[in-house]
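Because the structure is predicted, anything quoted here is derived from the model rather than measured.
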Amino acid sequence: MVSEQDTSAIGNALVVLGAAGIVIPAFARFRISPVIGFILVGLLVGPSGLGALAADYPWLWHITIASSEDIALFGEFGIILLLFSIGLELSFRRLWQLRKLVFGIGAAELLLGGAILGTALFLLGDHSTAAAYGLGIALALSSTALVLPIAGTKSAVGRASFAMLLFEDLAIVPIIFVLGALSPIAASDNTELMLTTLWQGALVVAILAVAGWFLLPRIFAQAARAKDPELFLAASLLVVIVAALATAAVGLSPIVGALLAGLMIAETEYHGEVEAITAPFKGLALGVFLISVGMGLNLKTIAAQWPELIAAVVGVVLIKSIVTAALLRFSGAARRGTAAEVGLLMASPSETTLIVLATALQAQLISRTTAEFWQLVTAIGLTITPLLARVGHDVARRIEMRSGDAQEEETPEGRTVVVGFGRVGRTVAELLREHQRRYVAVDADIDTVAAARRDGFSVRFADVARPGSLDRMGIENADAIVLTMDDPVQQLRMTRQLRQKYPELPIISRARDADHAAALYRAGATDAVPETLESSLQLAEAVLVDLGVAMGPVIASIHDVRARMRHDIMTKGELADEPRIRKLRRPEGSA
């Protein structure tokens with residue numbers, strides 16, 4: 001016989017799965033973040049939404065969730081899976097590279113933001129010193145669960161955000177213990193308990209790292225031999241749960257264990273398979289967490305206190321965004337546009353703010369009314385995080401375009417000009433930068449230009465389709481020009497025009513296939529590289545190496561085939577000899 005509790009659990013599961021099946025496709029169709037959708041679903045089906053009417057309309061029990069505690073555990077598991085997936089995208093080497101950001105900017109952002117917020121609360125409210133600064137630190141935390149899915153970890157915005165969020169996650173345990181020590185009912189051995197937790201936590205992390213280094217490759221190798229995806233999933237979840245439970249058992253946050261589990265698997269050759277298998281569960285579990293956030297919004301309280309709530313949200317967002325952006329900018333860790341975008345993205349409180357508020361309430365530092373007010377502020381802040389991210393992106397784009405126009409007025413003398421900054425153009429620029437050759441890129445997409453500038457590339461905004469746009473850049477002083485656009489007609493027209501005006505300018509162009517390359521040669525290109533040719537050569541190289549052929553002969557044969565096919569294309573393009581061009585300038589200081 002099915003109990004009432006089992007029926008409630010099944011109903012909650014149906015509500016969550018139904019929300020995921022409706023919200024994600026619907027919001028994706030309108031290019032809106034599903035984060036907002038999940039929060040709105042939680043508000044609709046929660047205790048202050050349709051759940052409040054369930055007593056009068058019993059059929060609503062089947063499509064509502066009576067209490068946020070019913071799915072709180074699943075929400076916490078969602079955050080654990082999210083940190084695990086972030087760990088999969090990283091490595092210990094990347095973490096070491098980010099150490100200055102983590103323990104420098106991350107620490108300064110949390111402490112300075114918490115101090116300013118705490119001072120404001122102390123001066124404007126009737127809080128005690130301990131309560132004000134406890135609330136300040138709680139509100140200074142930012143949402144790992146929302147920020148990283150929006151920003152990622154590989155872009156300039158993502159790297160800066162991740163570094164600060166990582167420090168905040170590591171600081172949760174000390175924050176909780178400090179709040180306990182400040183409590184009027186604090187035990188005398190609180191400091192000793194904190195030190196015990198820290199050394200035990202360090203020991204557990206070390207044991208997990210060593211055990212993972214020895215055991216994980218063997219565990220996943222067995223799963224790979226079985227060729228059963230379910231074994232990969234089971235092994236992955238087992239590793240996450242064991243690591244999270246181990247860190248939680250000694251008082252650390254379980255998300256530290258989840259992140260460590262992801263980092264350990266990222267060092268194995270199986271991380272791609274694990275990431276692909278666990279991705280759907282991460283999204284669903286994160287949706288459950290967001291639904292629980294929406295269920296925490298009480299419409300009656302919001303309606304009664306909306307002026308105070310709006311003022312609190314605006315104040316927190318302004319202080320945090322200014323502090324974060326200023327630290328990133330004045331420390332030289334980010335460009336102006338990147339600093340502004342990260343500041344707004346990190347401006348809302350965090351899901352961990354709710355944990356700190358609960359701790360402060362339990363320690364009797366704040367009253368229940370105060371805790372409920374700031375819990376509402378936190379929920380509203382989480383709800384508007386995607387909107388802040390969009391505003392931050394637009395602000396960063398305007399800042400980068402304005403600053404870029406001021407600093408990129410010089411002509412590209414002694415530089416390579418890269419026209420188009422998509423996938424191909426970015427790769428060319430990366431290699432030019434790696435070999436210390438000066439370059440400037442142009443693109444007609446303002447978002448592409450702003451994003452490239454935030455990542456440290458030298459890119460200008462220009463529409464090369466307009467007559468004279470390249471001439472105004474001083475192409476006559478350039479070392480070479482690289483055409484990477486995907487419009488074959490525009491490439492041919494531009495190649496012809498450039499060759500007529502600049503007979504000695506090296507013109508290297510991307511080509512779709514051999515016929516397009518031949519046409520580019522006829523138009524005057526110095527080099528035309530067919531994408532189909534290069535992809536086939538790379539494929540052949542991989543096959544030969546995997547079959548055991550030595551790398552040296554493979555590379556030699558690839559070069560021979562490339563030269564022969566290039567000669568055939570040039571012959572087809574009616575070029576009897578190699579184009580005669582001026583000699584490229586050597587880098588300054590080279591022999």
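Applying the salt bridge (charged side-chain N to carboxylate O under 4.0 Å, His left out) rule to pairs touching residues 337-349 yields Glu341-Arg454, sequence neighbours excluded.
For the atom pair CE (Met485) and CD (Gln490), the distance works out to 4.0 Å, reported to the nearest 0.5 Å. A distance of 10.5 Å separates OG1 in Thr119 from CG in Leu124, rounded to the nearest 0.5 Å. The OH atom of Tyr133 sits 10.0 Å away from atom CD1 of Ile116, with the distance rounded to the nearest 0.5 Å. Here Leu238 contributes atom CG and Leu233 contributes atom CG; the two are 11.0 Å apart, rounded to the nearest 0.5 Å. Within the model, atoms CD of Gln375 and OG1 of Thr370 stand 10.5 Å from one another, a figure rounded to the nearest 0.5 Å. Atom CH2 of Trp374 sits about 11.0 Å away from atom CD1 of Ile380, to the nearest 0.5 Å.
Across all non-hydrogen atoms, the minimal contact from Ile366 to Ala371 is CD1-CB, 3.9 Å. Residue Val459 comes nearest to Ala452 through the heavy atom pair CG2-CB, 3.6 Å, listed as atom of the first residue, atom of the second, then distance. Scanning both residues, Phe167 and Val102, for their nearest heavy atoms gives CB-O, 3.4 Å.
Qualifying side chain to side chain contact (heavy atoms under 4.5 Å, CB included) partners for Ile241, counting only residues two or more places apart in sequence or in other chains: Phe77, Leu245. Scanning for salt bridge (charged side-chain N to carboxylate O under 4.0 Å, His left out) contacts around Arg433 gives an empty result, with sequence neighbours left out. Partners of Asp394 by salt bridge (charged side-chain N to carboxylate O under 4.0 Å, His left out), not counting sequence neighbours, listed by chain and number: Arg390. Residues forming a side chain to side chain contact (heavy atoms under 4.5 Å, CB included) with Ala120 (at least two apart in sequence, or on another chain): none.
Put simply, the side chain of Gln491 gets close to the backbone of Arg510: a donor and an acceptor are under 3.5 Å apart. Put simply, the side chain of Thr353 gets close to the backbone of Ala138: a donor and an acceptor are under 3.5 Å apart.
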Would you please test Met494 and Leu483 for side chain to side chain contact (heavy atoms under 4.5 Å, CB included) and show each step? CA-CA 9 Å; Met494 187 173 298; Leu483 306 179; 3.6 Å; yes
What's the verdict on side chain to side chain contact (heavy atoms under 4.5 Å, CB included) for Leu432 and Val418, showing C-alpha distance, side-chain angles and the deciding distance? CA-CA 10 Å; Leu432 287 170; Val418 181; 4.1 Å; yes
Please table the atom pairs, donor to acceptor, closer than 3.5 Å between any side-chain atom in residues 308-330 and protein atoms at least two apart or in another chain.
{"from": "Lys320", "atom 1": "NZ", "to": "Leu139", "atom 2": "O", "distance (Å)": "3.1"}
{"from": "Lys320", "atom 1": "NZ", "to": "Ala140", "atom 2": "O", "distance (Å)": "3.4"}
{"from": "Lys320", "atom 1": "NZ", "to": "Leu141", "atom 2": "O", "distance (Å)": "2.7"}
{"from": "Lys320", "atom 1": "NZ", "to": "Ser142", "atom 2": "OG", "distance (Å)": "3.2"}
{"from": "Lys320", "atom 1": "NZ", "to": "Met346", "atom 2": "O", "distance (Å)": "3.3"}
{"from": "Lys320", "atom 1": "NZ", "to": "Ser348", "atom 2": "O", "distance (Å)": "2.7"}
{"from": "Ser321", "atom 1": "OG", "to": "Val317", "atom 2": "O", "distance (Å)": "2.8"}
{"from": "Ser321", "atom 1": "OG", "to": "Leu318", "atom 2": "O", "distance (Å)": "3.0"}
{"from": "Thr324", "atom 1": "OG1", "to": "Lys320", "atom 2": "O", "distance (Å)": "2.8"}
{"from": "Arg329", "atom 1": "NH1", "to": "Ala334", "atom 2": "O", "distance (Å)": "3.3"}

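Checking each of Ile150, Leu382, Leu345, Leu165 against Ser143 for a side-chain contact (heavy atoms from CB on, under 4.5 Å) leaves exactly one that passes, namely Leu382.
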